[in-house]
Asker: 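Below is a structure I'd like to ask you about.
Note that ligands are numbered from 1 as they come in the structure, with each ligand's atoms numbered from 1 the same way.
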Amino acid sequence: MVGEFKWDYAPAPESKDHVRLEKQYDLFIGGKFVKPLSKKYFATYNPATGEKLAEVAQANEKDVDLAVKAAKAAYDKVWKKMPGKERAKYIYRIARMIQERARELAVIESMDGGKPIRESRDVDVPLAANHFFYYAGWADKLEYAFPNRTPQSLGVAGQIIPWNFPLLMAAWKIAPALAAGNTVVLKPAETTPLTALKLAEIIRDSGLPDGVVNIITGYGDTGAAIVNHPQVNKVAFTGSTQVGKIIQKAIAGTDKKITLELGGKAANIIFEDAALDQAVEGVVNGIFFNQGHVCCAGSRLFVQESVADTVIRKLKQRMETLIVGDPLDKNTDIGAINSKEQLDKINEYIQIGINEGAEMHQSSCSIPAKGYFCKPTLFLHTSQSHRIVQEEIFGPVLAVQTFRTIEEVIEKANNIPYGLSAGVWTDKGSKIFNMTTKMRAGVVWANTYNKFDPASPFGGYKESGFGREGGLHGLAAYLKF
Ligand code: NAI
Ligand code: MG
């Protein structure tokens with residue numbers, strides 16, 4: 001039955017020939033790559049093959065201090081005074097250079113982080129360029145963006161980003177900071193530092209004044225040193241709720257401004273009047289593509305009871321056709337899990353789901369023998385009290401529940417510690433508006449999922465964090481009035 005939907009594609013690997021990686025990367029401070037004072041380096045690997053890709057510097061507190069001082073000097077001497085229209089030219093140039101090097105960036109993103117090339121090529125890299133384009137446009141129009149107020153830059157922004165969208169998160173953080181007139185110290189995640197370092201090369205080649213953007217690598221202690229540095233005026237963090245709480249405590253009592261974008265446990269809600277095939281495709285896109293490594297992943301599915309059997313049958317069929325494997329193959333839907341730690345965490349949750357009594361279903365696909373991979377996984381007959389329903393798994397694992405009435409599904413969908421995003425699938429506009437006002441989630445997608453635009457703000461409620469990125473809200477987060 002399922003077989004009729006399935007066929008094999010010939011392998012279509014993206015070439016790596018044009019990719020140039022150094023053996024070792026230093027810290028990008030004051031417009032140059034400099035050796036770390038720590039004298040330490042650590043390796044970053046390709047999670048699909050286990051191959052070591054490069055070594056990157058491990059910044060210690062003294063290195064962080066140098067980076068922050070470079071950012072502070074660039075702020076005081078150059079960037080703060082530069083007219084917005086001049087700042088805009090640099091931001092615009094960075095956007096253009098990202099476009100010019102798009103192929104290389106996409107391949108490196110997939111090699112370092114494990115995400116399918118289709119995703120890094122069509123989503124991550126173009127959106128990263130678009131964020132720079134978008135904010136370049138605001139740099140000389142701040143007083144129009146915020147009429148009757150006097151927007152002023154903050155100073156040095158310390159930015160810490162995770163491994164699920166390495167280049168895109170760097171763009172989300174750097175572009176609005178520069179447009180608003182701030183300088184930056186950014187730290188990528190330890191498993192995915194390479195595209196941020198490539199961005200550092202682009203920034204150097206763009207002629208951006210030295211020290212306006214500094215990019216340094218390291219583990220959590222490097223991030224903590226950025227957060228705690230007294231000359232950092234603004235902290236922007238995307239990552240786990242656990243670290244978000246540590247950061248919030250660390251800056252309590254200081255006048256540092258902060259935005260936190262943390263975890264999620266989004267609900268996708270399918271009503272009986274929805275276009276079911278599109279809805280199933282949206283659900284698959286929301287949780288399985290990109291390995292579920294998305295803070296707004298639709299990891300909970302609520303299906304109206306009358307269509308539940310149909311939807312689950314269609315979902316299982318679609319799961320059978322998903323291709324798990326080589327991230328560099330253009331046919332791949334689900335690439336490699338980012339790290340061994342993350343794969344262990346996902347497998348632990350799958351076991352928890354089984355122990356909790358939910359019914360597990362996995363695609364019958366094979367997964368590569370080498371590297372970190374996980375089959376798309378469905379849990380049926382789950383309930384609100386299950387840990388797989390309440391906690392963020394950050395993997396291709398979907399927990400399904402059914403519902404009868406709107407009131408019931410709103411109550412259940414909102415009844416979790418998170419509130420980042422949600423999806424609603426229905427044919428009725430009135431139902432969409434009803435749902436969007438009642439869902440406690442920063443973003444509610446209607447009849448689509450995981451769609452982003454630089455002009456539209458993104459961020460969460462409750463333990464998903466606070467502050468918004470993207471759009472004018474994202475610009476305001478880098479200004480005082
Ligand atoms: P994490 O929150 O530890 O790492 C995110 C970034 O924060 C990294 O750059 C890391 O080096 C840095 N960091 C770690 N400790 C820090 C500290 N004390 N002060 C400042 N910076 C610090 O996330 P991790 O361990 O990689 O993933 C754990 C879980 O977090 C995942 O399984 C997932 O559930 C969630 N997560 C959520 C993300 C999101 O986009 N909301 C992104 C990544 C992970
Ligand atoms: Mg890596």
Asker: Looking only at non-hydrogen atoms, which of L420, D221, I246, T238 approaches atom 18 (N) of ligand 1 most closely?
Answerer: I246
Asker: Just to confirm my output: which protein heavy-atom neighbour is closest to atom 24 (P) of ligand 1, and how far is it?
Answerer: W163 NE1, 3.8 Å
Asker: If you scan the protein for heavy atoms around atom 4 (O) of ligand 1, do you find one that is closer than 4.0 Å?
Answerer: no
Asker: Compare V243, L186, V227 and give the one whose heavy atom is closest to atom 16 (C) of ligand 1.
Answerer: V243
Asker: Provide, to 0.1 Å, the distance between atom 42 (C) of ligand 1 and the closest protein heavy atom, together with that atom's residue and name.
Answerer: P162 CB, 3.3 Å
Asker: Tell me: protein heavy atom nearest atom 38 (C) of ligand 1, and distance?
Answerer: F394 CZ, 3.4 Å
Asker: Do K173 and T238 meet the criterion of a side-chain donor-acceptor pair at a distance under 3.5 Å?
Answerer: yes
Asker: With heavy atoms under 4.0 Å as the rule, classify the contact between K345 and ligand 1 as side chain, backbone, both or neither.
Answerer: side chain
Asker: Please list the nearest protein heavy atom to atom 21 (N) of ligand 1 with its residue and the distance rounded to 0.1 Å.
Answerer: G223 CA, 3.6 Å
Asker: Pairing donors with acceptors under 3.5 angstrom, does anything connect the side chains of Q342 and Q291?
Answerer: no
Asker: Does a donor on one side chain and an acceptor on the other come within less than 3.5 Å for T191 and S339?
Answerer: no
Asker: Of the protein's non-hydrogen atoms, which lies at the shortest distance from atom 2 (O) of ligand 1, and what is that distance?
Answerer: S240 OG, 2.6 Å
Asker: Test of understanding: with salt bridge (Lys or Arg N to Asp or Glu O under 4.0 Å), list the residues that count as partners of R103, not counting sequence neighbours.
Answerer: E14
Asker: Would you say the ring centers of W425 and Y449 fall short of 6.0 Å from each other?
Answerer: no
Asker: Considering only the protein, which heavy-atom contact is closest to atom 39 (C) of ligand 1, and what is its distance?
Answerer: C295 CB, 3.5 Å
Asker: Which value, rounded to the nearest 0.5 Å, describes the distance between D333 atom CG and F289 atom CZ?
Answerer: 4.5 Å
Asker: For the Mg ion (ligand 2), how many protein N, O or S atoms lie at less than 2.8 Å?
Answerer: 5
Asker: Any luck finding a side-chain donor-acceptor pair between K234 and T259 under 3.5 Å?
Answerer: yes
Asker: Centroid separation under 6.0 Å, is that true for the rings of W445 and F452?
Answerer: yes
Asker: Considering only protein heavy atoms, which is closest to atom 10 (C) of ligand 1, and at what distance to one decimal place?
Answerer: E190 OE1, 3.5 Å
Asker: Among all the protein's heavy atoms, is there at least one whose distance to atom 34 (O) of ligand 1 comes out below 4.0 Å?
Answerer: yes
Asker: Counting non-hydrogen protein atoms only, what is the nearest one to atom 14 (C) of ligand 1? Give residue, atom name and distance.
Answerer: G220 CA, 3.5 Å
Asker: How would you list all residue pairs meeting salt bridge (Lys or Arg N to Asp or Glu O under 4.0 Å) that involve residues 222-233, not counting sequence neighbours?
Answerer: none
Asker: Strictly by modelled atom types, are Q351 and N347 linked by a side-chain donor-acceptor pair under 3.5 Å?
Answerer: no
Asker: Can you pull out every ring pair (Phe, Tyr, Trp, His ring centres under 6.0 Å) where at least one residue sits in residues 28-58? Sequence neighbours excluded, please.
Answerer: F28-F33, F42-Y219
